[in-house]
Amino acid sequence: MKHIAAQQQFYVDVRHYAQKDELSYDLSQHLPRRLAVGPIMVVADNPAIFLSVIRKRLARMQAEIEREHARTLNRHKKMGFIRELVRLNTACFTTKSQTLIARPDVLFTAPHTLAGRQLPCQTIYIATAVSGRQLHAVLRMLVPGGLVVIYGEWQTQYAAVITALNGMMKG
Amino acid sequence: MNNSALPNNTVFCIICHQAVSYGDATAGSLYADNTQAFACNAHIAERVRWTLAWIAFDVDQHLVRERTAQKSGQAS
């Protein structure tokens, strides 16, 4: 975690990557850990393409978990693997906020669609450059104690947005 | 062990069981009491270890929640 916002209102994690591959790997490793915590939003330039990349990586992870499940006789470990597989298999990943399901578990969206949205999230991954205004819109959807993960360099304008938002929350 | 016993600006890594600074950690799932659990950033590169450790952690916390619910059921 590179930054912790004042008042412990939320956590900000700035994660660096050299190639786009590293970003999708890091996100696909991290995202399952946040699935049980609550709804997730992923902000990316091409949400549909990025969702497909993440799905492929998660499918590979599921195969690894199935292998580990077959390898162990430990009852608790088996229970953990089954719970994880069920969670991954039943989670709703989508690029459409208006679906038949009342609330998707993981919504992939583009930065320009953020304005005016009100989808409370426990975790928000920002996998592309966003403006200060877009970051503000994202952070307003984050529930108290939530986590925002920003991939790439920390922009100086972000600090001002977080300070302003903390002021609003305190007020 | 969770983070309440540690000095300020450090958190407990659920994978290597060391105290680490916030700067070297990332937030994952939650403890049974709904407080935030963390792991070292470095472990995310260890694909299988990262996943298995968090799965084991989640099961432990699930069992803690169940035991707590049983105890409170018995008490009432």
Side-chain angles (χ1 to χ4, degrees), chain A residues 1-5 8 10-17 22-23 25-38 57-58 60-69 71-72 74-88 122-123 125 144-150 154, chain B residues 1-70:
Chain A
M1 317 276 300
K2 300 297 180 198
H3 299 267
I4 303 296
Q8 298 276 330
F10 49 85
Y11 298 98
V12 181
D13 192 353
V14 180
R15 306 183 68 79
H16 302 279
Y17 65 97
E22 283 177 37
L23 190 164
Y25 167 80
D26 192 282
L27 195 146
S28 64
Q29 285 282 91
H30 200 276
L31 185 145
R33 310 293 27 109
R34 301 294 298 175
L35 258 182
V37 180
R57 286 199 178 272
L58 290 179
R60 198 178 305 163
M61 182 186 285
Q62 279 175 265
E64 274 166 4
I65 296 169
E66 280 166 12
R67 264 199 302 278
E68 293 296 330
H69 177 262
R71 210 177 272 172
T72 185
N74 182 303
R75 198 166 56 92
H76 282 170
K77 279 188 181 175
K78 276 195 177 289
M79 184 172 86
F81 294 140
I82 290 169
R83 280 166 52 86
E84 184 78 0
L85 288 169
V86 168
R87 187 182 299 151
L88 287 172
Q122 289 281 353
T123 312
Y125 293 96
L147 168 70
V148 58
V149 180
I150 299 174
W154 176 255
Chain B
M1 181 176 178
N2 65 18
N3 303 299
S4 57
L6 295 173
N8 280 348
N9 294 323
T10 57
V11 289
F12 180 71
C13 170
I14 66 104
I15 298 177
C16 62
H17 309 295
Q18 304 286 317
V20 289
S21 70
Y22 271 118
D24 293 327
T26 187
S29 24
L30 303 179
Y31 284 100
D33 62 2
N34 285 330
T35 56
Q36 183 61 60
F38 299 87
C40 297
N41 264 325
H43 296 310
I44 209 161
E46 306 165 67
R47 196 176 67 207
V48 178
R49 186 186 183 199
W50 167 271
T51 302
L52 298 188
W54 276 111
I55 290 174
F57 172 84
D58 286 346
V59 170
D60 289 345
Q61 300 311 308
H62 172 71
L63 295 174
V64 171
R65 278 187 203 105
E66 275 192 347
R67 275 198 297 271
T68 310
Q70 275 173 5

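Note that these values count all heavy atoms, side chains included, but never hydrogens, waters or copies made by symmetry. Letters A, B, ... are given to chains in the order of the sequence lines, protein chains preceding strands, and every chain is numbered from 1.
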Which region of [X], side chain (C-beta onward) or backbone (N, CA, C, O), has a non-hydrogen atom less than 4.5 Å from a non-hydrogen atom of chain B, or is it both or neither?
X	answer
A/Phe81	both
A/Arg57	neither
A/Leu35	neither
A/Gln29	both

Query raised in the report: Got a donor-acceptor contact below 3.5 angstrom from the A/Arg34 side chain to the B/Gly28 backbone?
Result: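 Between the backbone of B/Gly28 and the side chain of A/Arg34 there is a qualifying donor-acceptor contact (under 3.5 Å).
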
Requested in this report: Assign the ring pair A/Tyr11 / B/Phe38 to parallel, tilted or perpendicular, where the plane angle (0 to 90°) is split at 30° and 60°.
Outcome: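 Because their plane-to-plane angle is over 60°, the rings of A/Tyr11 and B/Phe38 count as perpendicular.
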
**Report entry** Test item: A/Val37 and B/Gln36 side chains (from C-beta on) under 4.5 Å apart, heavy atoms
**Finding:**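 When only atoms from C-beta onward are counted, B/Gln36 and A/Val37 do not touch, as no gap falls below 4.5 Å.
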
Report task. Show the numbers, then the answer: is there a side chain to side chain contact (heavy atoms under 4.5 Å, CB included) between B/Trp54 and A/Glu84? Result -> CA-CA 10 Å; B/Trp54 276 111; A/Glu84 184 78 0; over 6 Å; no

Query - Exceeds 12 heavy-atom contacts within 6.0 angstrom, atom NZ of A/Lys78 - result: yes

Requested in this report: Go through the atoms of B/Glu46 and report whether side chain, backbone, both or neither lie under 4.5 Å from a heavy atom of chain A.
Outcome: backbone

**Report entry** Stepwise side chain to side chain contact (heavy atoms under 4.5 Å, CB included) check, B/Asp58 with A/Arg33
**Finding:** CA-CA 9 Å; B/Asp58 286 346; A/Arg33 310 293 27 109; 3.1 Å; yes

**Report entry** Best-contacting candidate, B/Leu52, B/Val59, B/Thr51, B/Ile55, against chain A by heavy atom pairs under 4.5 angstrom
**Finding:**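 If we count pairs closer than 4.5 Å to chain A, B/Ile55 comes out on top.
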
